[in-house]
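Below: one structure, written as structure tokens.
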Amino acid sequence: MATERELSDFLKSVEKRAFKRSIYHVRDEEAALDIVQDSMMKLAEHYGDKPLAELPMLFQRILSNCTLDWFRRQKTRNALFSNMSDFESSTDDGDFDLLETFTFAEGSQQAESAEDTTRRAQILRQIEAEIQELPGRQREAFLMRYWEDMDVAETAAAMGCSEGSVKTHCSRAVQALSKALKAKGIQL
Amino acid sequence: MTNIQATQSEQFQDRFGRLVAARLSAGTAELSHDVAERLRAARVQAVARRRPASLRAATTVSNSGGAATLTFGDEGQSLWNRIASILPLVALVAGLFVIQVAQDERRAHEVAEVDAALLTDDLPPAAYADPGFIQFLKTGGE
């Protein structure tokens, strides 16, 4: 069972990423803060006595559900507003070879100038913009898998889908992101 | 696609994903102070809401006690115990029925006594309908 200290440390370790992920989904800072707060409350209230190892998966699931709830409430409040199509899977991109389209920058361990800092911030904003453009499920799978560092099985459990679906979503997300970043001339 | 190509593609996919994640992680460090504080406050509030396990267990015990009282403690008991638990109710209903029958009988007996007295008296019952006889009674039978 996770102690109060462990629960607090866990929440501290995920809160910023959770906030950013919520922003990518809802594109509203206030709403994202509310969603993260709701998720934290629910985790602590209902699953605060669960083992520490189970908390990441539970939290991701709660966060996803809270985000969906927010969209549902928005839809109810404003009949014209509907962003749920983001959660539908996109059409297939056909044959695509990641190796051909994207090359990684090598040896980036140099001293960083002010220009580099600005450039880095710009790249971050562009990456975030591209992530926001991804369909919802692809974005979820990609961020859980690589940013939250969850394995395929954990991501599948948190998203409530099969491991094959997670792999497909991740693969498509990587293809779309690498294409978009290459088109903008961004090297990672 | 051969197995080797598929593996290579997966490796590149993983590498790309982790590089993007590293960029995003660098971005989280640049969150505004206001947002960071609000997240911290939310975290503290959430941790405060966490109920200790002992309190949760105590709530469960008291709840099960309440349930036992409401259901006459029939959890895991035999048929005889269940029958015994409804006996007081049966006795109450039977008692009310007996009282009702006894009261009806007493009322009928009283009415019968009055009727019998009227019929066995020397005075005919029709005399009570006669206005002259009532006047005679009022004047004291002189």
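Every chain is numbered from 1, with letters handed out A, B, ... down the list of sequences.
Heavy atoms only, all atoms of each residue included: A/M144 and A/S64 are closest at CE-OG, 3.6 Å. Across all non-hydrogen atoms, the minimal contact from A/R139 to A/L134 is NH1-O, 3.0 Å. For the residue pair B/L31 and A/F19, the shortest heavy atom distance occurs at CD2-CE2, 3.6 Å. In terms of heavy-atom proximity, A/W147 sits nearest to B/A21 at NE1-O, 3.4 Å. The nearest pair of heavy atoms linking A/A180 to A/E130 is CB-OE1, 3.2 Å. Closest approach of B/V47 and A/A44 over heavy atoms only: N-CB, 4.4 Å.
The greatest number of non-hydrogen atom pairs below 4.5 Å with chain B, out of A/R145, A/K12, A/R125, is found for A/K12. Residue with the most contacts toward chain B among A/D38, A/I123, A/V36: A/I123 (heavy-atom pairs, distance under 4.5 Å). In terms of non-hydrogen atom pairs under 4.5 Å with chain A, the most contact-rich of B/R23, B/Q45, B/R38, B/R43 is B/R43.
Both the backbone and the side chain of A/S171 come within less than 4.5 Å of a heavy atom of chain B. Using a 4.5 Å cut-off between heavy atoms, A/I131 contacts chain B through its side chain alone, with no backbone atom that close. Using a 4.5 Å cut-off between heavy atoms, A/K20 touches chain B through its side chain atoms alone. With a threshold of 4.5 angstrom between heavy atoms, A/E30 approaches chain B through side-chain atoms but not through N, CA, C or O. Interface remark: A/Y24 contributes side-chain atoms only to the contact with chain B (heavy atom separation under 4.5 Å). Heavy atoms of B/L39 lying under 4.5 Å from chain A belong to its backbone as well as its side chain. Within the 4.5 angstrom heavy-atom criterion, atoms from both the backbone and the side chain of A/L11 approach chain B.
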Side-chain donor-acceptor pairs under 3.5 Å in residues 91-98 of chain B, sequence neighbours left out?
none

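At least one donor-acceptor pair under 3.5 Å links the side chain of B/R50 to the backbone N or O of A/G48.
The ring-ring contact (aromatic ring centres under 6.0 Å, His included) search around A/Y146 returns A/F142, not counting sequence neighbours. Residues passing the side chain to side chain contact (heavy atoms under 4.5 Å, CB included) test with A/T168, sequence neighbours excluded: A/R172.
Near-neighbour residues of residues 148-159 of chain A relative to chain B, defined by a heavy atom under 4.5 Å from a heavy atom of that chain, comprise A/D149.
Neither A/I35 nor B/V44 shares a network with the other; the hydrophobic side chains, linked directly or stepwise wherever heavy atoms of I, L, V, M, F, W or Y lie under 4.5 Å apart, form separate groups for each.
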